[in-house]
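See structure below.
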Amino acid sequence: MNTKRLSSKMEKALSQQMNVEDLQSRVYLSYGIWASDEGYGGISNFLFRHAQEERNHSIKFMQYILNRGGKPTIDALPNPGPEPKNLVECFDLVFKHEVDNTTKIYTLVDLALQEKDWATWNFLQWFVKEQIEEETLAMSLIDKLKIAGGDRATDESLFNLDKTLEETPDDAPLARDATGENPL
Ligand code: FEO
């Protein structure tokens, strides 16, 4: 008996996203290595933690496909790409990666809607929310660096930024959790 509860098209698309999340993990690992090599221990710690989050995202896609009777495929991953030239470029690239990933998640949501695959649509809503958090977090990196002086940041402000990022939580607060008493 065929127990697969995903269309072949959806199975393939989710499997591709599993590999995309894995690639994202490697991209953040490569940026973390770059940051550590530049002497930014706190920033590299932040990026390494984020690499682990991306790997977790990949595992969620893998497990969902398996749960629905499908079979994910591990693809060869491309090179994570050139390393950033400086911190401004590093944080801009993090934001760009997240926006690109959001676009990919939205494409999957569209497909679930077209196929009336409400189980997958429901599964993907977790990622829609996660992308809001990740984009917010990436924006906050850009803002923090801007406040520290951007391209012209002093060694002291970079030292403080580096320390801050070591302690920055992995998740950004969501607007839906804001209240008058605690606007976040
Ligand atoms: Fe898994 Fe940063 O998106």
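Atoms within each ligand, like the ligands themselves, are counted from 1 in listed order. What you see below is based on every heavy atom in this structure, not just the backbone, and it leaves out hydrogens, waters and symmetry mates.
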Worksheet item: Hey, which of Q24, E54, E134 is the one that makes side chain to side chain contact (heavy atoms under 4.5 Å, CB included) with H97?
Response: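 Considering Q24, E54, E134, a side chain to side chain contact (heavy atoms under 4.5 Å, CB included) with H97 is found only for Q24.
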
Worksheet item: Under 2.8 Å from atom 1 (Fe) of ligand 1, which protein atoms of type N, O or S occur, listed by chain and number?
Response: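 Only E21 OE1, E54 OE1, H57 ND1 fall inside 2.8 Å of atom 1 (Fe) of ligand 1.
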
Item to complete: Please indicate whether F159 has more than 12 foreign heavy atoms, meaning atoms of other residues, nucleotides or ligands, lying under 6.0 Å from its CZ.
Response: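 Result for CZ/F159: open.
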
Worksheet item: More than 12 non-hydrogen atoms from neighbouring residues, nucleotides or ligands closer than 6.0 Å to CG on D155, yes or no?
Response: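 No - once you tally the heavy atoms of other residues, nucleotides and ligands closer than 6.0 Å, there are 12 at most.
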
Discussion item. Within the 3.5 Å criterion, strictly below it, is a donor on S44 or Y31 matched to an acceptor on the partner's side chain?
Written reply: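 Checked: S44/Y31 side chains show no N/O donor-acceptor pair below 3.5 Å.
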
Item to complete: Please determine, by modelled atom types, if Q131 and E135 share a side-chain donor-acceptor pair under 3.5 angstrom.
Response: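 Side-chain D/A pair, Q131 to E135: absent.
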
Worksheet item: Salt bridge check: are K96 and D92 linked by an N-O gap of less than 4.0 Å?
Response: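 Result for this pair is no, no salt bridge flagged.
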
